[in-house]
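To keep things clear, I will list the structure first and then write my remarks on it.
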Amino acid sequence: MENKIVLGMYDIDVRIPRSEPVFGVGYERSQHCRYEKRHITGRLERYVFSAIFAALYLGADYTGGAIRNKLILGNARARIYFSNLITVSAGGLIYFAAQITVILGLGHALGGRISEPLSPLLLDILVDLCAEVAMCSIFTMIGMMISSKAKIVAATILTMIVMTYGSFGLISMLDEPELRNKVELDANGYYYATEDTEPNPRYLKPGTKRDIIAAACKILPTAQELQIEEHYDISDKCFLPLYSLSVLAVTTAAGVAVFRRKDLK
Amino acid sequence: MTKLLRADLTRMRKTKGFWVCVILSFALSVLNSLIFVPDIRTAENTANQILSGTSNSLVLIAIFTALFLGTDYSQNTIRNKMIIGSNRTAIYFSNFLTVALGAFVISLAEDIPAIAAALFGKSFGMTANEFAFQMFIIVCAVIAMSAVFTLLGMLITAKSANTAISIVAAFVLSLGAAIIMDLLAQPECMNDFIITEDGFEETENLVPNPMYIKPGIKRDILTAVNDVLPTGQIMQLEAGNLHNKEFMPLYSFGVLAVSTAVGVMVFRRKDLK
């Protein structure tokens with residue numbers, strides 16, 4: 001237990017700073033981010049690379065007309081779809097491996113040691129892997145539905161951004177406390193928090209709405225990633241890979257169904 | 001030049017992607033305002049709420065610019081423009097003016113729901129003059145950013161690569177500005193911490209904050225970058241913590257002038273095949 005040097009100290013944090021109002025929801029920023037414990041997992045940035053790679057790779061089939069050659073050779077459309085899905089996912093997993101290698105390698109070279117017991121870390125890595133594949137399947141679905149390369153690039157990156165910001169918003173909605181301190185204006189015109197509490201209008205009461213948002217926070221791969229990144233105490237974490245797999249199944253089923261009927265000219 | 005501009009404006013009006021970006025910008029802002037609704041009756045500073053949505057529309061502006069400018073290359077219409085005798089500088093400026101107008105419309109679509117929501121607030125939290133000035137800063141910053149995106153769009157010939165690079169640029173510039181602001185806001189001292197079985201625990205004694213940047217050249221450079229970058233200006237407005245605000249429109253104009261000058265120079269020599 002003495003080797004508790006924080007690995008993440010060497011890892012420059014390039015996430016959206018938490019003080020930024022995301023969808024109007026403010027976040028408290030930790031002043032000690034350098035000392036905050038950072039996993040080697042839960043790094044959302046690689047989704048940007050996955051999105052760009054998926055879009056450029058899938059779009060090339062359309063611009064070059066290669067997709068028609070594939071069809072002429074007698075490949076079923078579903079098979080084309082699956083082979084693209086597997087390639088895009090493999091690309092995503094390579095980014096994932098590269099990220100872990102760099103963080104672990106650099107961290108270790110600079111004297112950092114993993115401070116966690118190994119099994120929760122491995123579970124986190126598994127959750128991450130499945131989330132990555134789920135994201136790749138979403139990108140594949142978008143890429144196979146749209147025929148213009150540039151539009152695929154815009155659509156995948158935009159989806160990724162909207163999902164990330166949306167997950168930020170949803171997670172912080174669940175985080176709202178039931179009561180909050182009253183804020184008053186002092187003589188100098190500054191606000192200060194008083195000791196009195198009042199009901200927080202942003203608090204989500206237990207009920208259908210809260211259940212739906214809580215479910216979305218578990219199912220969305222971006223939300224899973226964010227929660228792992230921030231060390232949320234996720235109840236039944238081992239089910240998260242299953243949710244990712246269901247995202248994979250649903251998007252692939254929808255993608256194949258649409259792609260089968262798509263007019264490829 | 002007038003003919004080119006007229007043609008570009010018509011093309012923008014007929015581009016589906018442009019209207020999709022406008023609608024998305026509007027919809028995101030409506031969503032933003034709806035989340036703000038529980039607080040609206042007691043909200044003290046609704047003006048800030050209006051100002052703080054701009055960074056969302058930057059990505060949409062990047063997408064619109066890339067799709068709009070890339071079409072000239074992918075459809076080869078840029079050669080038609082040259083053949084009818086337009087010179088390259090005119091093509092560049094006409095594209096830039098169209099894109100700047102488009103960017104303005106997209107950010108306007110973002111502002112309308114926010115302003116509507118702000119009217120229900122308890123107090124606006126800002127004098128009308130101050131608000132008008134801050135809106136002016138935002139408009140200048142948005143136009144400066146569209147000059148940067150025009151530079152990328154005119155120099156990169158492949159439409160899809162340009163789309164990816166523009167969006168990533170919008171991201172990187174926004175995140176970079178946020179990181180710089182974060183670094184500058186670090187306090188000089190922080191509470192020490194000890195490691196216990198449950199993790200980190202803060203103690204009472206103060207230690208120097210290793211993230212704090214001491215006054216000196218490094219801090220000066222970061223401050224200057226934070227003020228000059230249009231995204232840095234937008235971030236400062238959103239945080240309600242402005243530094244050097246009288247000069248901000250001038251800085252934006254400088255960014256616009258530099259990027260347009262570089263763009264025109266390189267575009268003149270570009271091999272259009």
Side-chain angles (χ1 to χ4, degrees), chain A residues 1-2 4-6 9 12-26 29 31-37 45 48-49 51-53 55-56 59-60 63 115 148-158 160-162 165-166 169 172-173 176 183 185 191 198 200-203 231, chain B residues 17 21 24 28 31-42 44 48-49 52-53 55-56 59-60 62-64 66-67 70-71 74 117 158-164 166-168 171-172 174-176 178-179 181-182 185-187 190-191 193 195 197 199-200 202 209-211 235 238-239:
Chain A
M1 288 298 246
E2 48 276 351
K4 273 206 165 185
I5 305 172
V6 185
M9 259 169 85
I12 304 161
D13 196 20
V14 285
R15 284 165 314 118
I16 300 158
R18 308 210 69 196
S19 63
E20 191 193 347
V22 178
F23 283 117
V25 184
R29 182 192 344 226
Q31 292 292 350
H32 311 291
C33 75
R34 192 157 178 181
Y35 294 103
E36 224 170 65
K37 193 170 58 160
E45 305 90 78
V48 182
F49 300 110
I52 294 175
F53 163 68
L56 292 181
T63 47
S115 57
S148 143
K149 197 172 169 188
K151 280 184 189 145
I152 298 176
V153 174
T156 49
I157 301 182
L158 203 63
M160 189 248 142
I161 295 171
V162 169
Y165 272 65
S172 71
M173 275 163 93
E176 288 287 342
V183 176
L185 212 59
Y191 289 100
E198 56 180 1
N200 183 354
R202 286 166 181 264
Y203 174 69
H231 304 283
Chain B
C21 285
L24 269 178
L28 278 177
L31 198 66
N32 203 351
S33 307
L34 283 181
I35 291 174
F36 189 55
V37 160
D39 279 344
I40 200 102
R41 301 227 172 271
T42 49
E44 303 280 356
N48 193 256
Q49 190 61 28
S52 66
S55 50
N56 295 341
V59 176
L60 292 170
I63 292 176
F64 152 68
L67 292 181
T71 309
S74 68
K159 192 174 169 187
S160 46
N162 178 28
T163 314
S166 293
I167 300 175
V168 172
F171 241 141
V172 169
S174 299
L175 286 186
I179 291 169
M181 212 168 79
D182 195 33
Q186 289 287 337
M190 57 190 269
N191 289 335
F193 69 97
I195 299 168
E197 287 291 317
F200 295 93
E202 280 187 14
N209 180 356
M211 298 285 277
M235 290 286 162
E238 289 183 2

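As a basis for the values below, the full set of heavy atoms in this structure was taken, side chains included, without hydrogen atoms, waters or symmetry mates. Within every chain, numbering begins at 1; the chains are lettered A, B, ... in the order of the sequence lines, protein sequences first and strands thereafter.
- When the shell of 6.0 Å around CZ of A:Phe49 is examined, it contains 12 or fewer heavy atoms from other residues, nucleotides or ligands.
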Between B:Leu28 and A:Tyr165, does the side-chain contact (heavy atoms from CB on, under 4.5 Å) criterion hold? Intermediate values first, please.
CA-CA 11 Å; B:Leu28 278 177; A:Tyr165 272 65; over 6 Å; no
Does the side-chain contact (heavy atoms from CB on, under 4.5 Å) test come out yes or no for B:Ile63 and A:Val153, once each step is laid out?
CA-CA 9 Å; B:Ile63 292 176; A:Val153 174; over 6 Å; no
When you look at A:Ile52 and B:Val168, which way does the side-chain contact (heavy atoms from CB on, under 4.5 Å) test go after all the steps?
CA-CA 10 Å; A:Ile52 294 175; B:Val168 172; 3.5 Å; yes
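- Each of B:Thr163, B:Leu67, B:Leu60, B:Leu24 has some count of heavy-atom pairs under 4.5 Å with chain A, and the biggest count is that of B:Thr163.
- With values rounded to the nearest 0.5 angstrom, B:Phe171 atom CZ is found 8.5 Å from A:Ile157 atom CD1.
- With sequence neighbours left out, the side chain to side chain contact (heavy atoms under 4.5 Å, CB included) criterion links A:Lys149 to A:Leu56, A:Thr63, B:Ser160.
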